[in-house]
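Let me begin by presenting the structure, written as structure tokens, before commenting on it.
Letters A, B, ... are given to chains in the order of the sequence lines, protein chains preceding strands, and every chain is numbered from 1.
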Amino acid sequence: MNLQRLYEELEKHYDVKGWWPYSDPWEVMVGSVLTQQTNWNNVMTSIEALRKEGLLPVKAMAAADREKLEKLVRPCGFYRQKAQRLQDLAIYIRDDFGADPVSLLRRDDARELLLSRPGIGPETADSIMVFAAGRPYFVAAAYCRRVLSRTGVINSDDYGEVQEFVHQQLGRDSVRLSSLYAMIVEHAKRYCLARPNCRDCFLAEPCSLIARER
DNA sequence: TTCCCGCAGG
DNA sequence: CCTGCTGGAA
């Protein structure tokens, strides 16, 4: 099926308004780093622990004791790397952007600046661009490439290629692009798992995966 | 390709 | 017990 059809079908079944549980740009950035290869439940645990300890604000995180940061971030796994990456990012924003994440996010080269930071790759950068900055970037995560490939929308494992395709097909609309990502994540978790549950999936008829089995 | 790493679910 | 998770870097 094509992307338009997929979007319409997903929209009938998922309501992803307010899908990202935090609205503060910096908290979205922190969550984007913590959620790398990690279940979101663990991210919430760490973010609330950071908040409780007063280490969530940019300046506080930048000045925090590394071991304390590691302890609070531990539930998310890769805790030494993530603590370091978060603190590096906080120091960067404190020193170069007056501790204001928004002054980074509104720059034309915001995505490149994010990508230049250790621990922020394409997926994390785009997650920040769309959910923290509200700018039109599609997060072409592994989940998305899997669903888009199985359904026959586009068969590619190349992050940039898939992103470009979606940008072109859907248009540079931040709400639509973030919604598509959110709906695909929900769908991938419920039906389109590593081992797909096509029996219960409402997309089974138009999906190419089923078609290929027949 | 391998390592980083805890945690919920099966 | 084992698997997979809203990745990134060496």
Practice task
Would you mind reading off the distance between Leu193(A) atom CG and dT6(C) atom C1', rounded to a whole angstrom?
Solution key: 14 Å
Problem - Carboxylate-amine/guanidinium proximity below 4.0 Å for Arg5(A) and Glu8(A) - result: no
Practice task
Verify whether one side chain among Tyr181(A) and Asp126(A) offers a donor that lies under 3.5 Å from an acceptor in the other.
Solution key: no
Exercise for the section: Tell me which of Arg117(A) and Ser127(A) sits closer to the 5' end of DNA chain C, going by the nucleotide each one is nearest to. Expected result: Ser127(A)
Completion exercise
Between CD of Gln81(A) and P of dT2(B) the distance, given in whole Å, is 17 Å
Fill in the blank from the handout: Regarding the side chain of Asn42(A), the nearest nucleotide among dG8(C), dG6(B), dC5(B) is dG6(B)
Practice task
Report yes if a side-chain nitrogen or oxygen of Arg80(A) is closer than 4.0 Å to either non-bridging phosphate oxygen (OP1 or OP2) of dC5(B); otherwise report no.
Solution key: yes
Exercise for the section: Could you tell me whether the phosphate oxygens of dG7(C), OP1 or OP2, come under 4.0 Å of any side-chain nitrogen or oxygen in Gln37(A)? Expected result: yes
Practice task
Using whole Å, report how far CZ of Arg146(A) lies from C1' of dG4(C).
Solution key: 10 Å
Fill in the blank from the handout: Whole-Å distance, Leu34(A) CG to dC7(B) P, equals 14 Å
Handout entry: Residue Tyr181(A), side-chain atoms from C-beta onward, closest of dG6(B), dT6(C), dC4(B)
Key = dT6(C)
Handout entry: Within 6.0 angstrom of Glu164(A) CD, more than 12 heavy atoms from elsewhere
Key = no
Problem - Any Thr124(A) side-chain N or O less than 4.0 Å from OP1/OP2 of dG8(C) - result: yes
Handout entry: Euclidean distance, atom CZ of residue Phe78(A) to atom P of dA9(C) [Å, nearest integer]
Key = 13 Å
Completion exercise
Whole-Å distance, Asp88(A) CG to dA9(C) P, equals 12 Å
Handout entry: Rounded distance (Å) that lies between atom P of dG7(C) and atom CH2 of Trp40(A)
Key = 12 Å
Exercise for the section: Answer whether the closest heavy-atom distance between the side chains of Trp40(A) and Pro21(A) falls below 4.5 Å. Expected result: yes
Exercise for the section: Would you classify Arg195(A) as touching base, sugar-phosphate or nothing, given that sugar-phosphate means primed atoms plus P, OP1 and OP2, and contacts are heavy atoms under 4.0 Å? Expected result: nothing
Handout entry: Distance between P atoms of dT3(C) and dT2(B) (Å, rounded)
Key = 15 Å
Handout entry: Phe138(A) CZ - dT6(C) P separation (whole Å)
Key = 15 Å
Practice task
Scan Lys82(A) against the nucleic acid and name what it touches under 4.0 Å (heavy atoms): base, sugar-phosphate only, or nothing.
Solution key: nothing
Handout entry: Neighbour count above 12 (heavy atom, 6.0 Å) for Glu112(A) CD
Key = yes
Handout entry: Gap in Å between the two P atoms, one belonging to dG10(B) and one to dT6(C), rounded
Key = 14 Å
Handout entry: Which nucleotide in dT6(C), dC5(C), dC5(B) has an atom nearest any side-chain atom of Glu123(A)
Key = dT6(C)
